[in-house]
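Numbering starts at 1 and runs along the sequence shown.
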Amino acid sequence: MKFSLVFGAIVGLATASPFLDELEERATPPRNWGVALFNSYDTIDVFGVLDPLFYLAFQTQINLSLIARTMDPVYVQPVTAAANVYNSTFRFSLNPTHTFATAPKDLEVLLVPGGPALLFGNETETVNFVRKTYPKLKYLLTTCTGAGIAAQAGVMNGKRATTNKSAWARITSLGPKVNWVSPARWAVDGNIWSASGVTSALDMIFLFIEEVYGAAAATRIEGTLEYVRKTDACDDPFAARFNVPPSGQC
């Protein structure tokens, strides 16, 4: 009973009428979201985006597909045994709902996360999925080194984008035709949104919710999560920390 009351109160914070009134006045926002998953992804790259959307789903219908090579669990784990220097067993998994071959045809937004796999693995199948899927999407979102997958897919060519500054040299080399921007906490060019390193995904998704679903939705969910977001895309101290030279305009 106590859990029901507390959860109901949290949900209630996200469902007051000002948001619903604003949503009704906006053009139909996207409903069908997907995440391209692979082993050794970064958790916050995914859930920094999905957690605010979870509360948004109490206010309007949105659907989620978790898409991977196979239906096997997708693990957060060391990319190779050699990378697990201390022989830790700290790992966990997420179950896909679809494979790349069976992904829903009506996806409107696709999230591509990053993680160690982008630095030390081979994600050709994920790259091919993004290349095939992008033309049908309303929006493509990348977080952290996930920009490297979109860059390899060619969908960022000629567009402004950013990525994790500690992995800047490696990831930007994967997309020589991309207009890489630094410093930048996130970058937006047309229907492609890219967040820099991991936690910046939270700031990017709140801006996305504000622009696509409405300011009242973003403000209400910020309160529910008690998150104080950064609203300046140029607020990026990590570019200087990792000696990434300025490029582009955030």
Side-chain angles (χ1 to χ4, degrees), residues 33-55 64 66 68 74-79 83-84 88 90-94 109-121 123 126 130 139-152 156 160-175 178 180-188 192-210 218 221-222 225-244 250:
W33 286 71
V35 182
L37 290 173
F38 45 83
N39 284 312
S40 301
Y41 68 90
D42 187 277
T43 314
I44 299 177
D45 280 1
V46 173
F47 289 99
V49 173
L50 295 190
D51 196 54
L53 293 175
F54 172 72
Y55 289 99
L64 177 63
L66 303 175
V74 182
Y75 276 87
V76 175
Q77 62 185 7
V79 179
N84 190 15
S88 299
F90 196 97
R91 60 198 66 192
F92 48 93
S93 64
L94 189 64
V109 188
L110 181 67
L111 168 66
V112 183
L118 269 297
L119 302 178
F120 306 106
E123 290 307 317
T126 312
V130 172
Y139 300 97
L140 176 69
L141 278 59
T142 69
T143 50
C144 194
T145 55
I149 288 179
Q152 290 177 83
M156 284 181 164
R160 298 167 58 260
T162 195
T163 189
N164 187 291
K165 303 311 181 299
S166 68
W168 184 261
R170 166 62 175 153
I171 299 304
T172 58
S173 70
L174 299 175
V178 179
W180 296 105
V181 180
S182 173
R185 192 163 179 80
W186 67 82
V188 181
I192 293 182
W193 295 57
S194 54
S196 185
V198 191
T199 56
S200 60
L202 268 165
D203 298 314
M204 181 183 73
I205 193 58
F206 273 112
L207 177 62
F208 185 90
I209 290 172
E210 180 179 280
I221 297 170
E222 285 173 40
L225 300 185
E226 295 195 357
Y227 180 67
V228 180
R229 60 188 272 214
K230 293 184 180 295
T231 58
D232 182 1
C234 298
D235 186 355
D236 176 19
F238 299 101
R241 180 179 298 185
F242 291 103
N243 299 311
V244 176
C250 64

Self-check item: Non-neighbouring partners of Glu222 that pass side-chain hydrogen bond (donor to acceptor under 3.5 Å, both in side chains), sequence neighbours left out
Solution: Arg229

Quiz item: So, Trp168 versus Phe242, ring centres under 6.0 angstrom or not?
Solution: no

Practice problem: Just jot down the salt bridge (Lys or Arg N to Asp or Glu O under 4.0 Å) partners of Arg91, sequence neighbours excluded, or say none. | Solution: none

Quiz prompt | Euclidean distance, Leu50 CG relative to Ile44 CD1, rounded to 0.5 Å | solution = 12.5 Å

Quiz prompt | Residues Cys144, Asp42; criterion side chain to side chain contact (heavy atoms under 4.5 Å, CB included); working and verdict | solution = CA-CA 9 Å; Cys144 194; Asp42 187 277; 5.9 Å; no

Quiz item: Which is it for Val35 and Tyr41 under the side chain to side chain contact (heavy atoms under 4.5 Å, CB included) test, yes or no, and what are the steps along the way?
Solution: CA-CA 11 Å; Val35 182; Tyr41 68 90; over 6 Å; no

Quiz item: With Thr145, which of Leu174, Val198, Asn164 fulfils side chain to side chain contact (heavy atoms under 4.5 Å, CB included)?
Solution: Asn164

Practice problem: Locate the shortest heavy-atom distance separating Ala201 from Val49; write the atom from each residue and the value. | Solution: CB-CG2, 4.1 Å

Quiz item: When Val74 is tested against each of Leu66, Leu37, Val46 for side chain to side chain contact (heavy atoms under 4.5 Å, CB included), which residue passes?
Solution: Leu37

Quiz item: Between Trp193 and Phe208, how do the two ring planes meet: parallel, tilted or perpendicular, split at 30° and 60°?
Solution: perpendicular

Quiz prompt | Taking every non-hydrogen atom, the tightest pair across Thr162 and Ala147 | solution = O-CB, 3.6 Å

Self-check item: Side chain proximity check, Ile209 to Tyr55, heavy atoms < 4.5 angstrom
Solution: no

Exercise. Mind checking salt bridge (Lys or Arg N to Asp or Glu O under 4.0 Å) for Asp236 and listing every partner two or more places apart, or none if nothing turns up?
Key: Lys165

Quiz item: For Ser200, what residues pass the side-chain hydrogen bond (donor to acceptor under 3.5 Å, both in side chains) criterion, not counting sequence neighbours?
Solution: none

Self-check item: Residues which pass side-chain hydrogen bond (donor to acceptor under 3.5 Å, both in side chains) with Thr172, listed by chain and number, not counting sequence neighbours
Solution: none

Quiz item: So, Thr143 side chain and Ala195 main chain: donor-acceptor pair closer than 3.5 Å or not?
Solution: no

Quiz item: For Pro113 and Ile149, which heavy atoms make the closest approach, and how far apart are they?
Solution: O-CD1, 4.4 Å

Quiz item: Considering all heavy atoms of both residues, which atom of Thr126 and which atom of Ala36 are nearest to each other, and what is their separation?
Solution: CG2-CB, 4.1 Å

Quiz item: Between the main-chain N or O of Phe206 and the side-chain N or O of Glu210, is there a donor-acceptor pair closer than 3.5 Å?
Solution: no

Self-check item: Non-hydrogen atoms of Gly115 and Asp45 that approach each other most closely
Solution: N-OD2, 4.0 Å

Quiz item: Atom CG in Leu110, atom CH2 in Trp33: separation rounded to 0.5 Å?
Solution: 10.0 Å

Quiz item: Under 3.5 Å, side chain of Ser40 to main-chain N/O of Gln77, donor-acceptor pair present?
Solution: yes

Quiz item: Where do Val244 and Ser182 come nearest, in terms of heavy atoms and distance?
Solution: CG1-OG, 3.2 Å

Self-check item: Pairing residues for Asp203 by the salt bridge (Lys or Arg N to Asp or Glu O under 4.0 Å) criterion, not counting sequence neighbours
Solution: Arg185

Quiz prompt | Trace of the side chain to side chain contact (heavy atoms under 4.5 Å, CB included) decision for Ile171 with Trp180 | solution = CA-CA 10 Å; Ile171 299 304; Trp180 296 105; 4.2 Å; yes

Self-check item: Any Leu141 side-chain heavy atom under 4.5 Å of Trp186 side chain
Solution: no

